[in-house]
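Data first, discussion second: the structure below is written as structure tokens.
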Amino acid sequence: MRPPTPISRLSRHPQAVDVALALGFLVCALLLGEQRPSEGYPPLSAWGYVLTCLINLPIAVRRRRPVAVCAVICLLWAAYVGAGFWPAVNSLAPLMAIYTVASMRPLRTAAGCAALVAGVWIFGGVVSPRGSMPAVVAQAAVFPSVLVRFGARARQSAERGERLAELTAQLRREQDEKARRAVADEQARIARELHDVIAHHMSVIAVQSGLARYVFRTDPATAADSLAVIEDTSSEALEEMRRMLTLLRSGVIGSASGDEPYTPMPALDGLGEVVERVRAGGVPVELSVRGEVRPLPPGIELCAYRIVQEALTNVLKHARPASAQVSVLYLPHQLQVSITDDGVGAVSATPVDERVTGTGHGLIGMRERAKLYGGTVAVGPRPEGGFGVRLTLPTSAMAAGNEGQ
């Protein structure tokens, strides 16, 4: 990294810049005072040197009290001119004072200070031994006006810089908030996926392991079938968990070596396997598919698959003994899925039963999934008994727009 230059070091400390500027003006004034002008002004006396120092040194604090500094400099400059000394010797300090006021205060205040400087300038022309009043008046009008203009531009530029800094800070805060929301949404999505995978597969495993233990000695064949179901279900659960973890690590679907792809995301054509697992758990399930079966967006298919999976898991956990029906209806612009059962768990459960109150994470996940794709979920007990879940998902932009109206 290149070391900072003396100018860049000074720019970081405005007070040091002003002190250096005041000393530079003072040196220039003293050197100019040593010259003998042709207009007949007297050389600087001790009083002239004192006034010169007093006029230029306040520049060191010009940023702290710009209006007060301008007024003090003009009064001392008027005293200097009234003493008969050459006015041009100390003309730089008043001009710098005007610029400072214009760059830090409203235009009305800067115009008043400019008029004060112009008055002292004209006063110098009046007391001049051989001055040209037209030239003096022109200088008194032009020089302060130009510096007020430059100072006002500098103030506007500084204000724009401050607004830009505020907007930049606001944009950074909004970006951070957006990133936090994205992380929270992703965490919620992962939680839903984990809940669906673990709840369904572990419910099947729990039912089958209990059955195997119950008939282990009396019916070895049934126990062996239950163990086979447990093996298949656990293998499938491990495969889904491994796929999800790989997506979290790399964001791509692929094996650790990158040669063999993992199983794709579950879709509606996998509902048959879900139904078979639930049947193996002791719940008779019928699956019907109506309408023109066609490929749907992956998100729509995953949403419907997970909601069917969650609903059947709830039947397996809460409603046995029961039978269930799963109906999938393909409409031109919608997909309708219903899962019903005739169990008694929905009416005999305690108030904390998620099938009735909707306070469980499973039903919350259903609603969140459906809402994400512009769909709706209706859940609750049926008048004829049992429990029902009805999902409606738009499959086109037209249906999604109508759904939002």
Side-chain angles (χ1 to χ4, degrees), residues 181-182 184-200 240 243-244 247 264-275 278 285-319 324-341 346 354-383 386-405:
R181 287 198 301 268
D185 293 343
E186 185 66 13
Q187 289 175 342
R189 186 187 68 82
I190 294 171
R192 287 195 299 268
E193 291 293 328
L194 290 174
H195 174 273
D196 292 340
V197 172
I198 294 175
H200 175 75
E240 287 204 39
R243 174 180 54 78
M244 291 176 59
L247 288 173
M265 296 290 287
L268 290 176
D269 56 7
L271 288 181
E273 299 177 2
V274 177
V275 168
V278 177
V285 182
E286 294 183 3
L287 173 63
S288 65
V289 179
R290 295 175 295 160
E292 181 183 353
V293 179
R294 62 187 184 278
L296 298 177
I300 298 292
E301 297 215 8
L302 177 63
C303 176
Y305 178 93
R306 291 301 190 197
I307 289 179
V308 172
Q309 186 183 58
E310 176 62 26
L312 292 179
T313 301
N314 285 339
V315 174
L316 193 63
K317 292 192 298 183
H318 300 292
Q325 297 80 36
V326 178
S327 173
V328 179
L329 175 60
Y330 287 85
L331 296 176
H333 301 292
Q334 285 184 335
L335 176 70
Q336 292 183 356
V337 180
S338 65
I339 307 96
T340 59
D341 66 78
E354 69 175 23
R355 283 169 54 87
V356 177
T357 64
T359 58
H361 295 293
L363 295 184
I364 294 175
M366 289 183 188
R367 294 189 176 97
E368 289 179 349
R369 284 186 181 278
K371 184 178 180 180
L372 182 64
Y373 295 100
T376 58
V377 172
V379 296
R382 297 191 302 160
F387 202 81
V389 176
R390 183 179 179 85
L391 167 68
T392 302
L393 287 174
T395 58
S396 64
M398 179 186 302
N402 294 334
E403 183 70 27
Q405 293 178 353

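One-based numbering along the sequence shown. This is a predicted model, so every value here is computed, not measured.
When the side-chain hydrogen bond (donor to acceptor under 3.5 Å, both in side chains) test is applied to Glu286, no partner is found at least two apart in sequence or on another chain. In this structure Arg382 satisfies the salt bridge (Lys or Arg N to Asp or Glu O under 4.0 Å) test together with Glu384, sequence neighbours excluded. Judged as a side-chain hydrogen bond (donor to acceptor under 3.5 Å, both in side chains), and not counting sequence neighbours, Ser338 has no contacts.
With rounding to the nearest 0.5 angstrom, the OG1 atom of Thr376 is 8.0 Å from the CD atom of Gln334.
Evaluation of the side-chain hydrogen bond (donor to acceptor under 3.5 Å, both in side chains) test over residues 295-304, restricted to residues two or more places apart or in two chains, returns none. Within the structure, the salt bridge (Lys or Arg N to Asp or Glu O under 4.0 Å) test picks out no pair touching residues 329-339 (sequence neighbours left out).
Side-chain atoms of Leu268 and Tyr330, non-hydrogen and from C-beta on, do get closer than 4.5 Å to each other. Side-chain contact check for Val377 versus Val379: some heavy-atom pair is nearer than 4.5 Å. Within the 4.5 Å cutoff, the side chain of Ser288 has no heavy atoms near those of the Gln325 side chain. Leu312 is listed as a side-chain neighbour of Val274, based on a closest heavy-atom distance under 4.5 Å. Taking the side chain as every heavy atom from C-beta outward, Leu372 and Cys303 never approach each other to under 4.5 Å.
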Run Val337 and Ile307 through side chain to side chain contact (heavy atoms under 4.5 Å, CB included) and show every step you take.
CA-CA 9 Å; Val337 180; Ile307 289 179; over 6 Å; no
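Thr395 places a side-chain N or O within donor-acceptor distance of the main-chain N or O of His333, the cut-off being under 3.5 Å.
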